[in-house]
Protein chains: 2
Amino acid sequence: MKNLPHKTIERLSQYRRALLICLESGKTHIYSHEIAKIQHITAVQVRRDLMLIGYTGTLRKGYNVKELIDLIGEIIDSDEGIHVAIIGMGNLGRALINYFSGKRTQLSIVAGFDINPDKIGNTMSGVPCFGLDDLDRLIQTLDIKIGIMTVPADFAVEVADRLVRAGVKGILNYTPKPVNVPKGVYLEEYDMITSLEKVAFYVKMHNDEE
Amino acid sequence: MKNLPHKTIERLSQYRRALLICLESGKTHIYSHEIAKIQHITAVQVRRDLMLIGYTGTLRKGYNVKELIDLIGEIIDSDEGIHVAIIGMGNLGRALINYFSGKRTQLSIVAGFDINPDKIGNTMSGVPCFGLDDLDRLIQTLDIKIGIMTVPADFAVEVADRLVRAGVKGILNYTPKPVNVPKGVYLEEYDMITSLEKVAFYVKMHNDEE
DNA sequence: CTAACAATGTTAACTTTTTAACAAAAAAAC
DNA sequence: GTTTTTTTGTTAAAAAGTTAACATTGTTAG
């Protein structure tokens, strides 16, 4: 199950979320076009993704929700849980913690870091906050594999370097500042300003067309 | 300057941000490979993007930072400012406000909305917070064209519908719940859980390979 | 003054991603 | 019991996006 397209990985994660909701509502089977509708994509794409992971549904009955959830889990989850840290316990960091808390047992946010002495030592939504000085040490002792960066832009490069040195294998950078990581560390960057400017561009485009 | 690829639009926004920093530091010209390095992409891609927008640099001197910033502005900015609202003044909403505040004059967050009575009537980082009841009315009177959704997932669909009905032309949905919009409204969705699960997947992949 | 160099601009090739087309088969309709 | 419908699985085509190749041309070096 190696070479799944990046986009397929993203969609699998989304399918699973939608499927979990279906499962709760008691639905046992679902059609490709139902999944597609939820995600604003085509049924063909859903079927293609599922083909790639080797899942086969039942003709005229659709896909077994429970089975599919489990299969997606086998593919994208690790066998043991993965420990995650959030660096920067500002609004964004706390938003993420609330978002994730209690959602997936596979990925658990085990530590937050900040430089603000008022925050250090406290627990926020169940996540203990440590000082940045302890970053390197705790990454190792808590076996943290992924770091989510929600620090101010000016700290981005430094924090990324420290995360890498401490042995993190994946970084999710929410800072507007691109950072560099060596081969072997997976980097995902997301920039909210870009998204907003993109929306603004297409709004303007549409306006101009009239 | 119509059919620019989506990805090019995103990169232009990022180029501009990087260029603004260069400008501040007094740099007047920049090479394609310098821009590329910052954004983790190839110099060819930078040149191709700039070709698409019709900007031409100086041989052996690179691109004029100031000119390029202005040209990107002409393409992705609107002539008049665009008003933006944030719906949901929780951690994420406030994070976004702090992020944007004072950055671009073109896009201005003019209102926030929430259901929490403690927040309504207050101003946060310069943005006044209103009750959700006033949403429809204020969208119109304040001429708000873009809504950023940072509400809990359960409210997503309802809020999106109301934004559309009130006349918003673009929605940026940070809710994990996909929403539907009619043609003519541009929708951009971003899901943090997907990003984290994607990082986790590639971390696991890399681990398995060893 | 000529050759080598270092940068841009552009076409072409390649890769990735999406969409279309259609065969197969279970279920429903008649 | 045959036909129609509906849905899956898969191959093939199309579209979108990236990378490579290379011609061009100021600038620098010799």
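In the text below, chain A, chain B and the rest are named by the order of the sequence lines, each starting its count at 1.
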Could you write out each protein N or O paired with an N or O of nucleotides 14-19 of chain C at a distance under 3.5 Å?
{"from": "dT18(C)", "atom 1": "OP1", "to": "Arg11(A)", "atom 2": "NH1", "distance (Å)": "3.3"}
{"from": "dT18(C)", "atom 1": "OP2", "to": "Arg11(A)", "atom 2": "NH1", "distance (Å)": "2.8"}
{"from": "dT18(C)", "atom 1": "OP2", "to": "Arg11(A)", "atom 2": "NH2", "distance (Å)": "2.9"}
{"from": "dT18(C)", "atom 1": "OP2", "to": "Gln45(A)", "atom 2": "NE2", "distance (Å)": "3.1"}
{"from": "dT18(C)", "atom 1": "O5'", "to": "Gln45(A)", "atom 2": "NE2", "distance (Å)": "3.1"}
{"from": "dT19(C)", "atom 1": "O4", "to": "Arg48(A)", "atom 2": "NE", "distance (Å)": "3.2"}

Check nucleotides 27-30 of chain D against the protein and report each pair of N or O atoms closer than 3.5 Å, with its distance, or say if there are none.
{"from": "dT27(D)", "atom 1": "O4'", "to": "Arg60(B)", "atom 2": "NE", "distance (Å)": "3.4"}

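Between the NE2 atom of His29(B) and the C1' atom of dA7(C) there is a distance of 13 Å, given to the nearest Å. One interatomic measurement links the two molecules: CZ of Arg47(B) to C1' of dA20(D), which rounds to 11 Å at whole-angstrom precision. In this structure, CG of Leu68(B) is placed 11 Å from P of dG9(C), rounded to the nearest angstrom. Atoms CG (Leu52(B)) and P (dT10(C)) sit 10 Å apart, rounded to a whole Å. The nearest whole Å value for the distance from the OH atom in Tyr63(A) to the P atom in dT7(D) is 12 Å. For the pair Tyr55(A) OH and dG9(D) P, the computed distance is 9 Å after rounding to whole Å. In this structure, the CG atom of Asn3(B) is 13 Å from the C1' atom of dA15(D), given to the nearest Å. Protein atom CD1 of Ile9(B) is 14 Å distant from nucleotide atom C1' of dG17(D), rounded to whole Å.
Take Lys7(A) and apply the salt bridge (charged side-chain N to carboxylate O under 4.0 Å, His left out) test, not counting sequence neighbours, and it matches no residue. Residues passing the salt bridge (charged side-chain N to carboxylate O under 4.0 Å, His left out) test with Glu189(B): none are found, sequence neighbours excluded. For Glu74(A), there are no salt bridge (charged side-chain N to carboxylate O under 4.0 Å, His left out) partners, not counting sequence neighbours. Here Tyr174(A) pairs with nothing under the ring pair (Phe, Tyr, Trp, His ring centres under 6.0 Å) rule; sequence neighbours left out. Legend: residues meeting salt bridge (charged side-chain N to carboxylate O under 4.0 Å, His left out) with Arg94(A), ordered by chain and number and at least two apart, are absent.
With Arg17(B) contributing its side chain and Ile193(A) its backbone, the two residues share no donor-acceptor pair below 3.5 Å. Using modelled atom types, one side-chain atom of Asn173(A) and one backbone atom of Lys177(A) make a donor-acceptor pair closer than 3.5 Å.
Legend: ring pair (Phe, Tyr, Trp, His ring centres under 6.0 Å) pairs involving residues 10-31 of chain A, not counting sequence neighbours, sorted by first then second residue: Tyr31(A)-His33(A). Applying the ring pair (Phe, Tyr, Trp, His ring centres under 6.0 Å) rule to pairs touching residues 177-199 of chain A yields Tyr186(A)-Tyr202(B), Tyr190(A)-Tyr190(B), sequence neighbours excluded. Within the structure, salt bridge (Lys or Arg N to Asp or Glu O under 4.0 Å) pairs that include any residue of residues 39-63 of chain B comprise Arg11(B)-Asp49(B) (at least two apart or interchain).
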Give every donor-acceptor pair under 3.5 Å between a side-chain atom in residues 137-160 of chain A and any protein atom, sequence neighbours left out.
{"from": "Thr141(A)", "atom 1": "OG1", "to": "Arg137(A)", "atom 2": "O", "distance (Å)": "3.4"}
{"from": "Asp143(A)", "atom 1": "OD1", "to": "Lys145(A)", "atom 2": "NZ", "distance (Å)": "2.7"}
{"from": "Thr150(A)", "atom 1": "OG1", "to": "Ile87(A)", "atom 2": "O", "distance (Å)": "3.1"}
{"from": "Thr150(A)", "atom 1": "OG1", "to": "Gly88(A)", "atom 2": "O", "distance (Å)": "2.6"}

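Within residues 191-199 of chain A, no residue is approached by DNA chain D to less than 4.0 Å at the level of any non-hydrogen atom.
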